[in-house]
Amino acid sequence: MMTAALLCFLLAGPVLLVAGSPVHDSNNGTIPLVLWHGMGDSCCNPLSMGAIKKMIEEDIPGIYVLSLMIGKNVIEDTENGFFMDVNEQVSMVCTQLAQDPKLKGGYNAMGFSQGAQFLRAVAQRCPSPPMKNLISIGGQHQGVYGLPRCPGESSHICDMIRKALNSGAYSDLVQKHLVQAQYWHDPLNDDLYKKHSLFLADINQERGVNETYKKNLQRLDKFVMVKFLQDTVVDPVDTEWFGFLKTGQAKETETLQESVIYKEDRLGLAAMDKAKKLVFLATEGDHLQFTREWFDKNLLPYLH
């Protein structure tokens, strides 16, 4: 069924099933893979991340796949995707990866939606163990300015998030306790964003250049970014290729190559682009929807 069907990872409610970890051969020559799920999802939902983990294990026999759980169980994991300080999440993950003996030789990383920019923060802040390839599937690397449809549309959580973002995304309280506010990027209030964004403005070098971030990101072999051409969740969709709205207005967009981040090479992305380390992929479909055939053809080569 999974071969023919679209894979869709938007949840309508909490998941109560925790997938067990199979035994892996650490000497079989495969490169371990770390997964970070998106908003409204969890590490182990059998219809989303659990299915992806199983699919990859079928495609690459013996591979060690770690699907990150942020919290003590899948309910905490799902809730933390909405309410836990992203910097704390990244710090937790860095510690977990450093303590995992199966990752000491390096690993590939695959982030889904917001999990993609969170894994990029891991690459920039925590170079040991080394991340080899980073695959961003619908990630929001320049943030979002709008939340047209969020996972679990029937839930009151989505309405609450929209209200908080519209009323004061850059207030200390909202920034600290709402994940989506930490990558909210208001092009009409650029100074406010740069001053008060706890997460995104930092990892995107908006307040100054951290040479360590720049050096660490350039250690990647490949940085692969996937854009969904009919995305109804991410606004603007250009952020999935590191583009965004031009500063001072909310209609016209610019590509990564047209941005200050690239022109001043604040993250090393221009150098990576020149070295052919950046890969831009597009696929038809809504947010995080693709076929197994497309995945195997376009993404599997970066996992070997």
Side-chain angles (χ1 to χ4, degrees), residues 7 9 18-39 41-45 48-72 74 76-78 80-81 84 86-141 179 199 203 216-217 219-226 277 279 288 295 299-304:
L7 301 177
F9 312 104
V18 178
S21 299
V23 176
H24 297 273
D25 180 2
S26 60
N27 299 313
N28 64 7
T30 61
I31 300 173
L33 176 64
V34 173
L35 307 175
W36 198 330
H37 63 79
M39 172 176 66
D41 204 348
S42 71
C43 63
C44 314
N45 176 17
S48 59
M49 300 312 296
I52 287 292
K53 183 175 184 288
K54 181 180 178 182
M55 181 179 76
I56 293 168
E57 289 170 344
E58 290 173 354
D59 286 336
I60 308 175
I63 188 174
Y64 173 50
V65 181
L66 172 63
S67 186
L68 293 167
M69 178 188 288
I70 311 300
K72 298 177 182 177
V74 292
E76 277 190 19
D77 188 21
T78 304
N80 286 338
M84 184 179 183
V86 179
N87 293 308
E88 291 181 20
Q89 294 190 47
V90 170
S91 180
M92 282 175 54
V93 167
C94 286
T95 299
Q96 183 179 350
L97 301 186
Q99 292 176 348
D100 191 331
K102 295 176 183 176
L103 302 179
K104 64 182 179 181
Y107 63 97
N108 291 320
M110 181 178 289
F112 295 81
S113 197
Q114 68 182 22
Q117 59 262 32
F118 300 169
L119 278 171
R120 176 164 62 85
V122 172
Q124 291 174 208
R125 294 174 178 175
C126 309
S128 181
M131 187 185 294
K132 297 179 180 294
N133 293 325
L134 172 58
I135 302 173
S136 165
I137 303 179
Q140 300 105 45
H141 293 284
V179 166
F199 174 71
I203 65 162
N216 288 343
L217 191 63
R219 287 177 175 172
L220 290 173
D221 293 333
K222 296 288 184 183
F223 179 12
V224 182
M225 288 172 267
V226 178
K277 288 188 171 188
V279 180
L288 303 186
F295 182 97
L299 299 184
L300 206 58
Y302 297 102
L303 301 183
H304 288 285

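Below, all heavy atoms of this structure are taken into account, side chains as well, without hydrogens, waters or symmetry copies.
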Novice: To the nearest 0.5 Å, how far apart are CG in Leu303 and CE in Met110?
Specialist: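 So the CG of Leu303 and the CE of Met110 are separated by 4.5 Å.
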Novice: Evaluate Leu35 against Phe112 for side chain to side chain contact (heavy atoms under 4.5 Å, CB included), listing each step before the verdict.
Specialist: CA-CA 8 Å; Leu35 307 175; Phe112 295 81; 4.2 Å; yes
Novice: Tyr302 ring centre to Lys222 NZ or CZ under 6.0 Å, with the angle to the axis within 45°?
Specialist: no
Novice: Go through the structure and list residues passing ring pair (Phe, Tyr, Trp, His ring centres under 6.0 Å) with Phe223, not counting sequence neighbours.
Specialist: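 Per chain and number, Phe223 pairs via ring pair (Phe, Tyr, Trp, His ring centres under 6.0 Å) with His141.
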Novice: Take Leu66 and Leu97 through the test side chain to side chain contact (heavy atoms under 4.5 Å, CB included) and record every step on the way to the result.
Specialist: CA-CA 9 Å; Leu66 172 63; Leu97 301 186; 3.9 Å; yes
Novice: Does some side-chain heavy atom of Ile135 sit less than 4.5 Å from a side-chain heavy atom of Asn108?
Specialist: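 No; the side chains remain at least 4.5 Å from each other.
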Novice: Only counting residues at least two apart or in another chain, list the ones meeting side chain to side chain donor-acceptor pair (under 3.5 Å) with Gln89.
Specialist: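 Applying side chain to side chain donor-acceptor pair (under 3.5 Å) to Gln89 gives none.
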Novice: Could you pull out all residues at least two apart from Glu88 that satisfy side chain to side chain donor-acceptor pair (under 3.5 Å)?
Specialist: none
Novice: Within the 4.5 Å heavy-atom criterion, are Ser113 and Gln140 side-chain neighbours or not?
Specialist: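 Ser113 reaches Gln140 side chain to side chain.
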Novice: Is there side-chain contact between Met39 and Val179, with at least one heavy-atom pair below 4.5 Å?
Specialist: no
Novice: Flag the pair Leu299 / Val226 as yes when at least one side-chain heavy-atom distance between them is below 4.5 Å, and no otherwise.
Specialist: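 In short, these two side chains touch, coming nearer than 4.5 Å.
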Novice: In the structure I gave you, are the side-chain heavy atoms of Met49 and Cys43 within less than 4.5 Å of one another anywhere?
Specialist: no
Novice: If we only count heavy atoms from C-beta on, is the Asn133 to Val224 side-chain gap below 4.5 Å?
Specialist: no
Novice: Run the ring pair (Phe, Tyr, Trp, His ring centres under 6.0 Å) test against Phe199 and tell me which residues pass, sequence neighbours left out.
Specialist: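 Once residues adjacent in sequence are excluded, the partners of Phe199 under the ring pair (Phe, Tyr, Trp, His ring centres under 6.0 Å) criterion are Phe118.
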Novice: Can you run down the salt bridge (charged side-chain N to carboxylate O under 4.0 Å, His left out) pairs that involve residues 108-129, sequence neighbours left out, and say none if there aren't any?
Specialist: Arg125-Asp202
Novice: With side-chain contact (heavy atoms from CB on, under 4.5 Å) as the test, pick out the partner of Met131 among Leu103, Asp221, Val122.
Specialist: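 Answer after filtering Leu103, Asp221, Val122: Val122.
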Novice: Looking at Lys54, I'd like to know if its NZ atom is crowded, meaning that more than 12 non-hydrogen atoms belonging to other residues, nucleotides or ligands lie closer than 6.0 Å.
Specialist: no
Novice: Would you mind reporting whether Asp100 and Tyr64 have side-chain heavy atoms less than 4.5 Å apart?
Specialist: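 Yes; the side chains approach each other to less than 4.5 Å.
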Novice: Start with the C-alpha gap between Val34 and Leu68, add the side-chain angles, then the distance that decides, and say whether side chain to side chain contact (heavy atoms under 4.5 Å, CB included) holds.
Specialist: CA-CA 7 Å; Val34 173; Leu68 293 167; 3.7 Å; yes
Novice: Identify, with sequence neighbours excluded, every residue that meets salt bridge (Lys or Arg N to Asp or Glu O under 4.0 Å) alongside Glu76.
Specialist: none
